[in-house]
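Only one structure is covered here, and it is reproduced in the block below.
In this text the structure is predicted, and so the values were computed from the model without any measurement.
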Number of protein chains: 2
Amino acid sequence: MRPRLTDVAEAAGVSMKTVSNVVNGAEHVREETRQRVLAAIDKLGYRPNIAARNLAQGRSGVIALAVPQLDRPYFASLAARMLDEAEAFGWIVQFHQTGGRREAELALLTERHPARLDGIVMSPLGLTAEDVRNRDPALPLVLLGEKAGTEHHADHVGIDNREAGKVATEHLLELGRRHVMALAPGPRMDDERINGYRDALVAAGLPVDEDIVLATGGLRGQDAERTLGDWLDSGNPAPDAVFAATDWLAMGAIRALVLRGLRVPQDVAVVGFDDIPYDLATLPTLTTVAPDRVAIARLALQALRDQRPQSEPQRLQAPFSLVVRESTTGIG
Amino acid sequence: MRPRLTDVAEAAGVSMKTVSNVVNGAEHVREETRQRVLAAIDKLGYRPNIAARNLAQGRSGVIALAVPQLDRPYFASLAARMLDEAEAFGWIVQFHQTGGRREAELALLTERHPARLDGIVMSPLGLTAEDVRNRDPALPLVLLGEKAGTEHHADHVGIDNREAGKVATEHLLELGRRHVMALAPGPRMDDERINGYRDALVAAGLPVDEDIVLATGGLRGQDAERTLGDWLDSGNPAPDAVFAATDWLAMGAIRALVLRGLRVPQDVAVVGFDDIPYDLATLPTLTTVAPDRVAIARLALQALRDQRPQSEPQRLQAPFSLVVRESTTGIG
DNA sequence: GCGCTGCATTACAGCGCTGTAAATCGAGCG
DNA sequence: CGCTCGATTTACAGCGCTGTAATGCAGCGC
């Protein structure tokens, strides 16, 4: 049988509560008493019963991280960092996959599921601003990512997408490229990244040609491959650079280019966005915007911890960096 | 305030325990009573308090999934499936990253951490057979993957690596390739996959040339790229096919080949192993052995559920399939 | 020597649920 | 109509912990 607080108390010759105080690092325990208790804990191999503690405290020590899919590399690496960082906050992280479906995301917010959560970090896709506003105010919520609109009604952590898009595009311009195409999933999505692209062009005194801002209609590599492929096959002149709003799109774009005999980066330089872990084994490796995921995780957890029911939504920004690899500067 | 069992009981005019029975789907509840209780639950918006239930039952409903790193795509997709499947078992999955370090893996087994776990599913890297044998017999454990030795002392779920290696190699032979190289992390690792490669050669009446079974010395794409690159640069004749023990190695191999002017698959066909999610956006896309991760997850959870302290270790096999893509059959 | 102050410790009542054992109900039977 | 037996329901005692309030005790000033 597992030893309990009372067993330790008996062994140390103190009350149960004193042991509890030692375990929880409370003040007002004489050093000598503390040592005696610690010795007893050690001797008996005592470990607190979390369920009992949770019941008594009315909190669970569990937060949820909800992402569309855990096996998408961006989310997997975010989840990994979140796990690392949550330890320091004393939180257990429970992952949820929403598939990006509104009802799944909503279900978490409205706590239709049984476990009591101390908070939720969510990367929303289907949620509306309305949904966020109507949530249970007692359940701390931090949003991640770029689902427009929602972020105004809850704490939000992200990077400065516009600035990042600008930096990525500037890198292409600095390489001497002048016909830079932009590739994004849809007309509305990742607007800010594309706005940053436009900013860079304008700042360089170049025209913004909206005809070479292409919407792929989807997030997958194939979507970008088809979109860019069709565009090239229609006799349009190849750009000398592509800024893709995500790495997947960049990889699809590279496929489309290479399959048509264009060399990357000699003929067309390509920049991606997200720094997903495979970027290192592809040919060419991908120059990309790398969000600081450790910072994102840490900021999100801090915001969650510090949130109060009545507090104004905060918008927090994590740093990012441009990682230059073969797809813009070549191999070797 | 959240409604409790007693609140529902009062509203429905029955005892607390009857409500508990309804919530837990116990038999011997009259249909009319059940309906009355369900109505009350619905009206009050009752949700059970998990902490209290856990305390009363002495179990937590939480199992751990321990993998080296969650952001490695193989583990990320495994974790995703595990999350899906665990729902059906009524389990919450808590992820742990061990970094492959023995002490981290051991810490989970010896329950040095506070949360009471109902079981552990672990993909071990550092653990010794001894460690597994000495574990707490009260804590159900299921091992995944191929860490030699450990699997004899606990339930184990994997695929038939030898057969899979054989199937992958046979695919290359069927394409008419005759100089098939094998690439594995080390002399001891993934032996079975390479044994399957040998089996296929022998079955085809071909010699097994151990000089073209290369050890990369590491798991990363770069390791394979360097190993194969050095080998080619030393004037060795290029193989006409490569069987790589993991997708990462395959991707590195492709880099080494293409950078030296060899075409994949025209000059050299490449097969990987694992079916990590990026295989679709690379150029060429990768032919690979795809373990049935849903089956792995389900078998592991079943084994965990059915495990008894004294039961003999079981070895369970999940199916796999060969996914043929561009790296062996070409583009288009 | 006495009351006061503040640190250290304790007693005890729950937190919300489930298992057990006992109570109650109701149909079938003689 | 009373009795038996299984179906249904209930009372109640914890599960192991923490919060609150109360108690013990040493040192201090007067």
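Looking at A:Glu105 and A:Arg102, no side-chain N of the basic residue comes within less than 4.0 Å of a carboxylate O on the acidic one, giving no salt bridge. Between B:Arg81 and A:Asp71 there is a salt bridge, with a side-chain nitrogen of the basic residue lying less than 4.0 Å from a carboxylate oxygen of the acidic one.
Regarding B:Asn54, its CG atom lies at a distance of 12 Å from the P atom of C:dC17, rounded to whole Å. Here the C1' atom of nucleotide D:dC15 and the CG atom of A:Leu5 are 13 Å apart, to the nearest Å. As a whole-Å value, the separation of B:Asn21 CG from D:dA7 P is 15 Å. The NZ-C1' distance, from B:Lys17 to D:dA11, rounds to 12 Å in whole Å. Separating the CG atom of A:Leu55 from the P atom of D:dT18 is a distance of 11 Å, rounded to the nearest angstrom. The separation between A:Arg59 atom CZ and C:dC15 atom C1' is 14 Å, rounded to whole Å. Put simply, CD on B:Glu32 is 19 Å from P on D:dA7, counting in whole angstrom units. Distance, B:His28 NE2 to D:dT8 P: 7 Å, rounded to whole Å.
Considering only side-chain N and O atoms, A:Thr33 lies nowhere under 4.0 angstrom from the phosphate OP1 or OP2 of C:dA8. Side-chain nitrogen and oxygen atoms of B:Ser20 include at least one within less than 4.0 Å of the OP1 or OP2 phosphate oxygen of C:dT18. Dashed line: the shortest gap from a side-chain N or O of A:Arg53 to OP1 or OP2 of D:dT18 is under 4.0 Å. Here A:Arg30 reaches the OP1 or OP2 of C:dT9: one of its side-chain N or O atoms lies under 4.0 Å away. Distances shorter than 4.0 Å separate none of the side-chain N or O atoms of A:Thr18 from OP1 or OP2 on C:dT9.
Using a 4.0 Å heavy-atom distance criterion, B:Thr6 is classed as making no nucleic acid contact. In this structure, B:Asn24 reaches the sugar-phosphate backbone alone: every heavy-atom distance under 4.0 Å involves primed, P, OP1 or OP2 atoms, never a base.
Side chains of A:Asp131 and A:Thr128: a donor-acceptor N/O pair is present below 3.5 angstrom, by distance only.
Between the CE atom in B:Met82 and the CG atom in B:Leu301 there is a gap of 5.5 Å [rounded to 0.5 Å].
Annotation: of the two residues near DNA chain D, B:Met16 and A:Pro3, the 5′-most nearest-nucleotide partner is B:Met16. The nearest heavy atom of DNA chain D to B:Ala56 and to A:Val23 marks one nucleotide each, and the one closer to the 5' end goes with B:Ala56.
Between the side chain of A:Asp292 and the backbone N or O of A:Phe320, no donor-acceptor pair lies under 3.5 Å.
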